[in-house]
Amino acid sequence: MRKKLIAGNWKMFKTNSEALQLANQVKIKTTEISKTKIVMCPPFTALAAVADVVRGTKIGVGAQNLYWEKEGAFTAEISAGMIKSTGAAYVIIGHSERRQYFGETDATVNKRLISALENGLTAIVCVGETLNEREANVTRDVVGKQIRGAFNGITASDFSQIIVAYEPVWAIGTGKTATPDQAQEVHAYLRQVMADEKGREIAESLQILYGGSVKPENASELLSQKDIDGALVGGACLNADSFGAIIHSAEAL
Ligand code: 13P
């Protein structure tokens with residue numbers, strides 16, 4: 001049985017004082033959560049502070065990106081080792097905003113993933129199609145290619161440190177959620193691709209999160225789908241009430 005995981009991608013929101021406040025509020029609202037894993041992904045600037053707040057709790061902390069080199073003259077970049085040193089244990093890789101605005105490709109996603117794994121971070125690898133791609137009926141081709149590219153050369157033993165997030169680009173920040181059926185269909189397809197590529201056992205244990213306008217009102221129905229193992233929440237994770245409500249929906253399933 002795969003456990004549920006609710007992760008919050010804070011994107012470029014929250015100063016350090018705001019981050020401390022939100023992390024503390026989430027901590028208070030989730031004290032009795034026992035089955036559901038919670039991860040908060042603040043901006044780099046607040047990673048250490050948020051990690052301090054949640055130390056000793058079941059809440060994990062993650063970064064939103066990394067650079068694959070260990071260290072060097074790469075102005076403004078952050079390595080996996082640096083992320084680890086803040087107390088964070090997770091990292092989001094290949095978010096569609098990185099692909100869209102910052103030139104991320106399947107090949108760079110793969111490099112970042114390898115670096116995350118080497119440094120003991122758990123990676124949340126994002127895939128998803130644009131509206132044009134969905135309308136052109138190539139969703140499966142697009143997400144299949146993204147997932148194969150991301151996991152190129154990744155071996156079976158690494159999958160205990162890998163989570164996938166399916167985030168249809170047209171559903172991110174738009175208020176347009178994929179219907180539970182639409183999301184389930186792609187999740188099942190991704191699991192099938194994983195079974196073909198890496199074997200049934202890995203495919204069955206892999207957690208696949210859904211992301212794209214997840215809110216307290218739609219979380220329960222999405223999370224009830226057979227192949228949806230959690231959510232990667234954007235807008236609704238910036239408020240402790242709504243993030244807490246989504247976590248409680250997962251816990252109640
Ligand atoms: P929204 O929940 O704001 O649509 O964002 C989803 C997302 O991109 C999470 O990574």
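Counting convention: from 1, in listed order, for ligands and their atoms alike. In this text the structure is predicted, and so the values were computed from the model without any measurement.
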- Message: Between Tyr166 and Glu129, is there a side-chain donor-acceptor contact under 3.5 Å, judged purely by atom types and distance?
- Response: yes

Check ligand 1 for close polar pairs with the protein: N or O on both sides, less than 3.5 Å.
from: ligand 1; atom 1: 2 (O); to: Ser213; atom 2: N; distance (Å): 3.4
from: ligand 1; atom 1: 2 (O); to: Gly234; atom 2: N; distance (Å): 2.9
from: ligand 1; atom 1: 3 (O); to: Gly235; atom 2: N; distance (Å): 2.8
from: ligand 1; atom 1: 4 (O); to: Gly173; atom 2: N; distance (Å): 2.6
from: ligand 1; atom 1: 4 (O); to: Ser213; atom 2: N; distance (Å): 2.8
from: ligand 1; atom 1: 5 (O); to: Lys11; atom 2: NZ; distance (Å): 3.3
from: ligand 1; atom 1: 8 (O); to: Lys11; atom 2: NZ; distance (Å): 2.8
from: ligand 1; atom 1: 8 (O); to: His95; atom 2: NE2; distance (Å): 2.8
from: ligand 1; atom 1: 8 (O); to: Glu167; atom 2: OE1; distance (Å): 3.4
from: ligand 1; atom 1: 10 (O); to: Asn9; atom 2: ND2; distance (Å): 3.0
from: ligand 1; atom 1: 10 (O); to: His95; atom 2: NE2; distance (Å): 2.9
from: ligand 1; atom 1: 10 (O); to: Glu167; atom 2: OE1; distance (Å): 3.1
from: ligand 1; atom 1: 10 (O); to: Glu167; atom 2: OE2; distance (Å): 2.9

- Message: Would you say Thr122 and Gln161 are linked by a side-chain donor-acceptor pair, where the criterion is simply a distance under 3.5 Å?
- Response: no

- Item | Flag for Thr130-Glu133: side-chain donor and acceptor within less than 3.5 Å | yes

- Does Leu22 reach the side chain of Lys14, with side-chain heavy atoms less than 4.5 Å apart? yes

- Distance-only side-chain donor-acceptor flag, Thr108 / Glu104, under 3.5 Å: yes

- Item | Student check: side-chain heavy atoms of Gln146 and Arg99 closer than 4.5 Å | yes

